[in-house]
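Start at 1 and go down the list; that is how both ligands and their atoms are numbered. Side chains are part of it too, since the values below use all heavy atoms of this structure and drop only hydrogens, waters and symmetry mates. Note that the structure is predicted; figures quoted are calculated from it, not measured.
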Amino acid sequence: MHLILLGPPGAGKGTQARMMERYYRIPQISTGDILREEVAAGSTLGKLANSFMKKGSLVPDEVVIEVIEERLSRPGYARGYILDGFPRTLAQAEALDRVLGLAGPGIDLVLSLVLDEEELVQRLAGRRVCERCAEVFHLSFRSPRSPGICDSCGGPLVQREDDREETIRRRLQVYKSETAPLIDYYRREGKLKEISAVGNPEAVKERIDQVLKGSFGL
Ligand code: AP5
């Protein structure tokens with residue numbers, strides 16, 4: 001299965017991608033996670049990326065395309081992958097088509113998560129992430145057993161810099177202008193499936209499972 005998870009910030013792409021990775025045993029590739037690892041490592045790429053990420057802007061296409069090209073050239077993706085947060089612009093979608101066209105099978109399906117804006121803001125503003133292992137929590141919807149402490153590794157939970165209200169609004173605007181046009185792009189290719197992201201993560205995963213069953217006969 002070669003899948004793209006599309007959707008606005010906070011729709012639950014990362015949450016679903018991690019659940020699908022465990023269930024279907026195909027790896028998730030999140031450009032947001034890759035870039036945050038580079039930021040934490042203080043690499044040249046990380047410093048460049050952070051200057052865009054902290055403002056809620058997109059990292060330039062050529063930078064992200066190189067990151068994803070390098071990642072897809074690694075072994076371990078023979079049975080497929082779940083792209084989370086890539087592509088995010090038409091230029092990235094076209095670059096992906098080019099790269100995959102050269103390398104073998106293309107994208108099978110694009111799962112587009114749909115949620116209204118107020119709920120997106122609520123999910124993002126309440127998100128807390130473990131500084132040590134990157135596990136994701138939510139103050140109301142997935143609260144840790146001890147406040148401020150990661151259930152998995154005991155590390156401190158922090159708010160992502162781009163999850164402050166002003167930056168959230170900017171990210172939502174960027175999504176509408178830069179990324180939402182991909183919905184039509186993939187609809188025209190006949191690959192788009194829209195999925196309501198309302199309800200708890202298990203309910204959303206159930207809808208995804210139904211779509212995957214219908215498409216791949218799983
Ligand atoms: P990225 O990390 O990809 O951020 P995003 O797309 O804005 O998505 P989020 O991670 O904010 O949300 P999500 O949909 O994954 O939701 P989550 O599952 O965490 O990108 C960050 C930045 O990196 C970008 O702004 C950009 O600068 C740069 N970047 C990355 N990729 C790029 C690219 N291709 N091109 C250019 N720049 C790029 O859930 C959110 C919260 O809600 C969590 O607390 C979770 O616990 C909770 N939750 C999840 N599902 C549910 C549910 N069903 N019910 C209740 N709560 C839920």
Side-chain angles (χ1 to χ4, degrees), residues 4-21 28-40 45-46 48-69 71 82-96 111-116 118-130 134-144 150-151 157-164 167-180 182 195-208:
I4 292 175
L5 266 181
L6 196 62
K13 301 181 297 296
T15 300
Q16 293 302 323
R18 283 185 291 274
M19 290 168 84
M20 292 161 69
E21 182 174 57
Q28 166 206 21
I29 304 175
S30 157
T31 40
D33 287 349
I34 296 170
L35 294 171
R36 276 186 291 278
E37 280 164 21
E38 294 291 336
V39 173
L45 166 61
L48 171 73
N50 197 33
S51 64
F52 294 92
M53 292 166 81
K54 67 183 181 193
K55 292 185 292 194
S57 305
L58 294 182
V59 175
D61 285 336
E62 60 276 17
V63 175
V64 189
I65 289 167
E66 206 178 309
V67 164
I68 212 81
E69 231 177 316
R71 186 55 64 113
I82 306 158
L83 289 177
D84 159 13
F86 185 93
R88 257 175 148 101
T89 64
L90 282 172
Q92 291 179 20
E94 286 162 2
L96 182 64
L111 306 171
S112 173
L113 297 182
V114 182
L115 194 66
D116 75 44
E118 278 325 299
E119 210 159 332
L120 294 171
V121 173
Q122 220 189 342
R123 286 189 187 178
L124 291 171
R127 175 167 53 189
R128 297 294 181 269
V129 181
C130 177
E135 179 91 21
V136 176
F137 295 85
H138 191 282
L139 292 178
S140 313
F141 307 133
R142 192 180 175 234
S143 49
C150 176
D151 290 353
L157 300 184
V158 296
Q159 186 171 36
R160 259 169 57 174
E161 198 179 349
D162 60 351
D163 277 348
R164 318 234 174 231
T167 317
I168 290 175
R169 297 282 174 198
R170 160 98 188 124
R171 287 162 64 204
L172 291 170
Q173 266 173 18
V174 169
Y175 174 80
K176 280 182 201 155
S177 60
E178 303 289 325
T179 310
L182 295 183
I195 292 173
S196 163
V198 171
N200 64 32
E202 290 70 28
V204 180
K205 173 160 182 301
E206 180 61 34
R207 285 177 211 127
I208 291 177

For atom 20 (O) of ligand 1, the protein heavy atom that lies nearest, with its residue and separation: R88 NH2, 3.5 Å
Point-to-point distance, once rounded to the nearest 0.5 Å, from CZ of R18 to CD of Q28: 6.0 Å
G199 neighbourhood, listing ligand 1 atoms whose heavy-atom distance to it stays under 4.0 Å: 52 (C), 53 (N), 54 (N)
D162 side, atom CG; T167 side, atom OG1 - distance, nearest 0.5 Å: 7.0 Å
Donor-acceptor contact present, side-chain Q16 to main-chain G12, <3.5 Å: no
Interatomic distance, I195 atom CD1 to K205 atom NZ [nearest 0.5 angstrom]: 11.5 Å
Per-atom contacts, ligand 1 versus H138 - under 4.0 Å to a heavy atom: 44 (O), 46 (O)
Closest to atom 29 (N) of ligand 1 (judged by heavy-atom distance), picking from T31, I65, L35: L35
Atom 56 (N) of ligand 1 - nearest protein heavy atom and its distance: F141 CD1, 3.4 Å
Residue, atom name and distance, where the atom is the protein heavy atom closest to atom 50 (N) of ligand 1: R123 NH1, 3.8 Å
Backbone N/O of G7 and side chain of K13: donor-acceptor pair under 3.5 Å: yes
Proximal ligand 1 atoms for V136, defined as those under 4.0 Å from one of its heavy atoms: 43 (C), 44 (O), 46 (O)
Protein heavy atom at shortest distance from atom 23 (O) of ligand 1: M53 CE, 3.4 Å
Exam field: side chain T89 to backbone E178, donor-acceptor pair closer than 3.5 Å: no
Subset of ligand 1 atoms that lie under 4.0 Å from at least one heavy atom of R36: 2 (O), 21 (C)
Element-labelled atoms of ligand 1 that are located less than 4.0 Å from some non-hydrogen atom of G14: 13 (P), 15 (O), 18 (O)
Reported CZ-to-CG distance for the pair R71 and L83, which is rounded to 0.5 angstrom: 11.0 Å
Backbone or side-chain N or O of P87 under 3.5 Å from ligand 1 N or O: no
Residue and atom name of the nearest protein heavy atom (relative to atom 16 (O) of ligand 1), distance in Å to one decimal: G12 N, 3.3 Å
Minimal non-hydrogen separation, L120 against A11, with atom names: CD2-N, 3.6 Å
Region of F137 engaging ligand 1 - heavy atom pairs below 4.0 Å: backbone
Option with minimal heavy-atom separation from atom 21 (C) of ligand 1, where the choices are R160, K54, R171: R160
Least distance between heavy atoms, A125 atom then I168 atom: N-CD1, 3.8 Å
Which segment of L124 sits under 4.0 Å of ligand 1 when only heavy atoms are counted: side chain
For F52 against P60, the heavy-atom pair lying closest together: CE1-CD, 3.5 Å
Nearest non-hydrogen protein atom, atom 34 (N) of ligand 1: G85 O, 2.8 Å
Atoms of ligand 1 close to Q92 [distance to a heavy atom under 4.0 angstrom, numbered from 1]: 33 (C), 34 (N), 35 (N), 36 (C)
Polar atom proximity, D163 to ligand 1 (N or O, under 3.5 Å): no
Closest protein heavy atom to atom 18 (O) of ligand 1, given as residue, atom name and distance to 0.1 Å: T15 OG1, 2.6 Å
Numbered atoms and elements of ligand 1 in range of V64, under 4.0 angstrom, heavy atoms: 33 (C), 34 (N), 35 (N), 36 (C)
Nearest protein heavy atom with distance in Å, relative to atom 19 (O) of ligand 1: R127 NH1, 2.6 Å
Point-to-point distance, once rounded to the nearest 0.5 Å, from CZ of F86 to CD1 of I65: 5.5 Å
Close side-chain approach of E135 and D151, heavy atoms under 4.5 Å: no
Atoms in ligand 1 with a heavy atom of P201 nearer than 4.0 Å: 51 (C), 52 (C), 53 (N), 54 (N)
Interatomic spacing from CE in M53 to CZ in R171 - rounded to 0.5 Å: 9.0 Å
Test item: R142 side-chain N/O and V136 main-chain N/O as donor-acceptor pair under 3.5 Å: yes
Option with minimal heavy-atom separation from atom 25 (O) of ligand 1, where the choices are P8, S57, G10: S57
